[in-house]
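Notes follow the structure.
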Amino acid sequence: SLFDFGSLTHGGQRMLRARCAARSCRAPHHVIGHGWRRFAAARSVPASFEVLGLKYLEPDELRARFDRYDVNRDGSICQVEALQILTDAGLQDATRQEALQLVKHLHGHDEEAVTWEEFEGAVAKAAEVIDKRVYPISGALFLSFFGQGTMAPILPLLGRSLGLAASELGFVTAASSLSRLVCNMPFAAAAERFGRRPMLVSGSLVGSIGFGMLSVSSDLQGMMFWNGLAGAGGAATMAGAGLYLNDIATPRNRSRTTAPLMMMAMLGFSVGPAFGGYLAQTHGLQAPFVVCSMGMLSASVFAAMLPETRRKGQAVSKESPWQQWAKFIQRPPLQGITSVAMCNGIVQGASPVTVVLYANETLGMSPAELGLMFTAQVVTMAAATPLLSKVSDGLKNRLAVLLPSVLLGSCSLVGQSVCTTMNEFVGLGVVGSLGSAGIMTNMSAFVMDHTKTEERAQALAMRSMSSDLGVLVGACSMGVVSTYMGIPFAMQTAAGIQGAAAVFCALRTRSQKKGPE
């Protein structure tokens, strides 16, 4: 078959590639140059499908495209109608014989028409393949997260060495969250206008400056300012990374495509904390911040070499960001996932002033032991993520994985608050990390499931803002609660809030399935 690309000779492949590529000015930019390599891994998918980018369409959009090709409305595409597929792919001078070959390829037999089920099946098979552009961005993200991981367990200890109270440490953590909170919306809009790569480059560079200056901070105001600057860099990086992965994800592999964002965070935070703890113990509390700065600078350089995925002519909403957010908050699925993101952020924000201080001051864990605990948790998350993301992509509703994960994390945190030995504390932390893996690999995919292409930049920004708002609230409020009510009570309060979010999300989304409204 002419369109069974893998069966053609090398010369035939080169000729077909040249024919499609030479006339592909209408084709989506994100598939040109990459589709041919992916096609070799999915031989049953016609080359024209790769150029058209049909696998990126939502189910209703794909059905609409089929109906457009089915001109006579008989429920199938014949060879005459298939000519339009080849024309859309850039083959303006395609022949009826080529169209017949395409139909036969889709049908699998010597038939002269292809049904909706056969058309959908061919696209679905292509949509299962993970885009190889996942790997280079994963490398850039790892460098960034490794750098941040080296200082994660040390920031509270550095603050304590400067004489800061738990409530003041909460303000330091909150400065980063407040900065991200303010920057999420404009940075998402900037990524839509200028591209994903500029945000990845500038975000890591700004973060490098912020974390580097933290190493020489000597008071509360300095720590808050530089941590806030690092937070702004983090917002830019996440805006670029989230949209980059959205550009190359399909409805059938979203969780697996977006999982590297979380997996690189986990990997970076698994290696980084142990290394940071060792550096702090042998070279002083400032050393991890210097390494963090160098890691993020390396990430900025690496990001500059990534290919851009923003497409010319890509659908962009005509509404302002505020108008889009007002619409989002009225949708039950987005109400539910926003509550989960915010309350999960509360737990994250509370962690430096609750979990870390409880381990250090009540159980007597050293910086190196704290680093090893963080490493054990993140290794567990990294090991569980591929399986959880694959299961999630195959379900009609991702909440079947997401909500039990939230409850598991909540229960583990309650258990940690009453631990009397280090082994119990670390063991429950590892159990809770399984819940964190289920949460992190599903939140962004859930948002994309329930939004349209032109809405996703701001929808993902709203999810990030909800999480950052949670971190801000958690850091400030749980720091105060820890100071006046005790650290265990603050841990139990944060866990209760997280569990309540799972119940609210279940009530708001119990009848929802994948697909934008």
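All residue numbers refer to positions in the sequence shown, counting from 1. Side chains included, hydrogens not; waters and symmetry mates left out as well; all remaining heavy atoms used.
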Side chain to side chain, Trp322 and Met185, heavy atoms closer than 4.5 Å: yes

In terms of heavy-atom contacts, Arg196 and Ala191 come closest through NH1-O, 2.9 Å

Output for pair (Ile137 CD1, Thr257 OG1), nearest 0.5 Å, gives 11.5 Å

Begin from the C-alpha positions of Leu334 and Thr451 and carry the test side chain to side chain contact (heavy atoms under 4.5 Å, CB included) through to its verdict. CA-CA 9 Å; Leu334 297 186; Thr451 52; 4.1 Å; yes

Working for side chain to side chain contact (heavy atoms under 4.5 Å, CB included), residues Asn344 and Met440: CA-CA 10 Å; Asn344 190 61; Met440 295 300 183; 3.7 Å; yes

Note: Glu455 and Arg331 closest approach over all heavy atoms is OE2-NH2, 2.8 Å

If you look at every heavy atom in Glu192 and Ala457, which pair is closest and at what distance? CG-CB, 3.4 Å

Between Thr385 (side chain only) and Met381 (backbone N and O only), is there a donor and an acceptor less than 3.5 Å apart? yes

For the side chain of Gln330 and the backbone of Ala326, is there at least one donor-acceptor N/O pair under 3.5 Å apart? yes

For Thr338 and Gln335, indicate whether the former's side chain and the latter's backbone hold a donor-acceptor pair under 3.5 Å. no

Enclosure of Arg193 CZ (heavy-atom neighbours >12, cutoff 6.0 Å): no

OG/Ser204 to CZ/Phe302 distance, rounded to the nearest 0.5 angstrom? 11.5 Å

Any heavy-atom pair between the side chains of Asp131 and Asn253 that's under 4.5 Å? no

How far apart are the closest heavy atoms of Arg508 and Pro332, and which atoms are they? O-CB, 3.3 Å

Separation of Asp74 CG from Glu81 CD (nearest 0.5 Å): 6.0 Å

CA sep, side-chain torsions, deciding dist, call: Val471, Ile346, side chain to side chain contact (heavy atoms under 4.5 Å, CB included): CA-CA 5 Å; Val471 173; Ile346 289 175; over 6 Å; no

Could you tell me which non-hydrogen atom of Ala239 sits nearest to which non-hydrogen atom of Ala188, and how far apart they are? CB-N, 4.3 Å

Exam field: side chain Thr115 to backbone Ser76, donor-acceptor pair closer than 3.5 Å: no

When you measure from the side chain of Ser300 to the backbone of Leu297, do you find a donor-acceptor pair of N or O atoms at a distance under 3.5 Å? no

Working to the nearest 0.5 Å, report the span between CZ of Arg456 and CG of Leu243. 10.5 Å

Check Thr237 against Leu200 and note the closest heavy-atom contact, atom names and distance. O-CD2, 3.5 Å

Distance in Å, Leu403 CG paired with Arg398 CZ, rounded so as to fall on 0.5 Å steps: 13.5 Å

Side-chain heavy-atom pair Leu434, Leu388 within 4.5 angstrom cut-off: no

Is a side-chain donor or acceptor of Ser466 paired with a backbone partner of Met462 at a separation under 3.5 angstrom? yes

Donor on one side chain, acceptor on other, Ser464 and Asn184, under 3.5 Å: no

Begin from the C-alpha positions of Leu306 and Tyr244 and carry the test side chain to side chain contact (heavy atoms under 4.5 Å, CB included) through to its verdict. CA-CA 10 Å; Leu306 294 174; Tyr244 194 104; 4.2 Å; yes

Could you state the interatomic distance from CG (Asp67) to CG (Leu62), rounded to the nearest 0.5 Å? 9.5 Å

State, without any angle test, whether Arg463 and Ser467 hold a side-chain donor-acceptor pair at a distance under 3.5 Å. no

